[in-house]
Amino acid sequence: MERKRFLLLDIDYVTENDEAVIRLFGKIKGDGENKSIIAKDKSFKPYIYVYPHEIQECMEELGELNLKKIEKVRKKDVGIYKEFLKITLKHPQEVPKLREKIWSMDTVVEVREHDIPFYRRYLIDKGLFPMQEVEVQGTSMESSFSSPEDPCIFEIDGEPLPISTGLPEIKVLSFDIEACNPKGMPQVKQDPIIMISLSSNQGFKKVYSTKPSKNDFVEELSSEKELLQKFVDVVKNENPDLITGYNTDIFDFPYIRDRAARLGVTLDLGVDGSELKFMRRGFANSAVIKGRIHVDLYPSMRRFLQLDRYTLERVYLEIFEKEKKDINGDEIHSCWADGGERLEELFEYSLDDAVAVTKIGEEMLPLSMAITRLVGQPLFDISRMATGQQVEWYLIRKAYEYGDIVPNKPSAAKVANRRRIEGGYVKEPVLGLHKNVVYFDFRSLYPSIIISRNVSPDTLVDECDEENCYTAPEVGSKFLKEPVGFVPSVIGNVLNERVKIKSRMKEATDPRERHVLDVQQEALKRVANTMYGVYGFIRFRWYCLECADSITAWGREFIKNTMKESEKSGFKPIYADTDGFYATYVG
DNA sequence: AGCCCACGGGG
DNA sequence: GTGTACGTGGGCT
């Protein structure tokens, strides 16, 4: 038996001999080493929980189904211990087939944790975190691929071991394609791809095109087919950990896919030799390359920045505070047709776009990776998730650690019935120009209210003696003082961890280490500040109207009291919103 | 006011 | 893939 240690980049499962096999995609990093590994684990099985009316009868009824295993387990459900049946199945795809059947049984109240994707379940149960290292033991297998960067195929025997270390250097390759149409947006049926630009965070800069240039960063290919083949070859040769672009889910990759299909080019970009594929994520598609993380920076930028528009130019200006050179979309066709100096400009613009994406990635990816390492789900998923969903998956992992059973996702009917909550306190501004303005910041108000008032679905009670509970103003909801609720406990740990990291930051002398810690504490802050939101978002598992209303009620009270208090010290409040208030000092 | 539907980014 | 965005703003009834 041998051991392998690698950076965990991605995870999925495949079916081999009717059995689900988890695949961990990683990189063995060392002195300039950039070797891919695919570690397979055949031992993990899917499972769901069943809450029975009467446990013995239910076991008997379930026994008639062809299940792998039925066990009695005790799990905490919204603060109360209950006996559940844990049902192990043979294959993840049995879950959607069987859960309806089981749910409709007379002996069954409900089915729980039936909608947690298999690879996510694996990460949670094994305590693994993407973008961290993992150590596995097992056997190296004969590789069946013949790509230049042949991955090591490894069969896991035993438990994978999470290793807590710093983040090794990540290799990022960004790309951008150009295609043009005289009348507007290029049409995939008629307009070829005219150039593909690639830029890496390790100095790679190239434009491939079907026209020549006097610039030496441009390489001419004889046809569009050759151009696409070159793109595939470069990706395989560079073997990046991450592939980034801007709106690549919606534009670049679908365009490449359709042109490649017409021209007969195989887009075998995956580490396992698999082809580029598309995943339905709701209404939009995402482009998936197995074993490499495709991060479309566009959805990430929508989350991280608060802007009126999210064009690459606008985002670039926001982050770097300078303009990026830009060619108007309508002009691309004439630049291409005219040739000469205008074409040279187009080559430069195209490369500049890819380089801009690399630069934006260098600024923003560290935060995405820190959130990935905190939440513990793949970067591919994290980069496309709303912050509320990130928090939900963080809580699902914590629920597993705490021995709590996860609430079900609400049905469409339930979502429609759920009410949105009243917002924070807003005081209309006193109009005019004010001198000596100060800002009282309460952004961390909600997390601290959740902790200090123990606001959680599992501490919410109908009736309680005044001394044993906290009662929210206006709404009157009551929360037990003891024991510490699930969400308050999780937020408490997040904030404690953040304090620890901040003190480590103060001690750190290496500016790079300080930066890494700074990004980590930022990720913790974001998760803590979003966490109260899970109570108020109607489609969330931990939705709790009373909790959400109580938090904002306490928040309003707190802001108003603080405003009143500040007046005693000579301040005059002029404007307040949810997060704090402005005041002038009048003495 | 309430409902429906289109839109975002990309060239 | 143990799946099916999301929030908003305009036009219309």
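Every chain is numbered from 1 and lettered A, B, ... according to where its sequence line falls, protein lines coming before strand lines. Just so you know, these numbers use all the heavy atoms, side chains as well, and skip hydrogens, waters and symmetry mates.
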Between [X] ([atom1]) and [N] ([atom2]), how many Å, whole number?
X	N	atom1	atom2	result
K45(A)	dT2(C)	NZ	C1'	15 Å
W393(A)	dA5(C)	CH2	C1'	16 Å
R280(A)	dT2(C)	CZ	C1'	19 Å
M185(A)	dG8(B)	CE	C1'	12 Å
F278(A)	dG1(C)	CZ	P	15 Å
R121(A)	dG1(C)	CZ	C1'	16 Å
I396(A)	dT2(C)	CD1	C1'	12 Å
M279(A)	dT4(C)	CE	C1'	10 Å

### Query
Among Y400(A), Y13(A), F44(A), which one satisfies ring pair (Phe, Tyr, Trp, His ring centres under 6.0 Å) with Y122(A)?
F44(A)
In whole Å, what separates the [atom1] atom of [N] from that of [M]?
N	M	atom1	answer
dG9(C)	dG10(B)	C1'	22 Å
dA5(C)	dG1(C)	P	13 Å
dG11(B)	dG7(C)	P	27 Å
dG3(C)	dG8(B)	C1'	23 Å
dT4(C)	dA6(B)	P	23 Å

Which part of the nucleic acid, if any, lies within contact of [X], taking any heavy atom under 4.0 Å across all strands shown: a base, the sugar-phosphate backbone alone, or nothing?
X	value
I332(A)	sugar-phosphate
P46(A)	base
Y255(A)	nothing
I177(A)	sugar-phosphate
Y310(A)	sugar-phosphate
D330(A)	base
E113(A)	base
L89(A)	nothing
D353(A)	sugar-phosphate
K409(A)	sugar-phosphate

Is the phosphate of [N], meaning OP1 or OP2, less than 4.0 Å from a side-chain N or O of [X]?
X	N	value
Y119(A)	dT2(C)	no
R539(A)	dG7(C)	yes
R309(A)	dG8(B)	no
R99(A)	dG3(C)	yes
K90(A)	dT2(C)	no

Would [X] count as a cation-pi partner of [Y], with NZ or CZ less than 6.0 Å from the six-membered ring centre and within 45° of the ring normal?
X	Y	answer
R526(A)	F304(A)	no
K82(A)	Y51(A)	yes
K359(A)	F320(A)	yes

### Query
Can you tell which of dG9(B), dC6(C), dG3(C) lies closest to the side chain of P96(A)?
dG3(C)
### Query
Is the centre of the F175(A) ring less than 6.0 Å from the centre of the F253(A) ring?
yes
### Task
May I ask you to check whether Y543(A) and Y535(A) place their ring centres under 6.0 Å from each other?
no
#### Entry: Aromatic plane relationship, Y49(A) with Y47(A) - under 30° parallel, 30 to 60° tilted, over 60° perpendicular
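The arrangement is perpendicular - the two ring planes meet at more than 60°.
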### Message
Taking the nucleotide of DNA chain B with the nearest heavy atom to each, does P186(A) or R302(A) sit closer to the 5' end?
### Response
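That would be R302(A).
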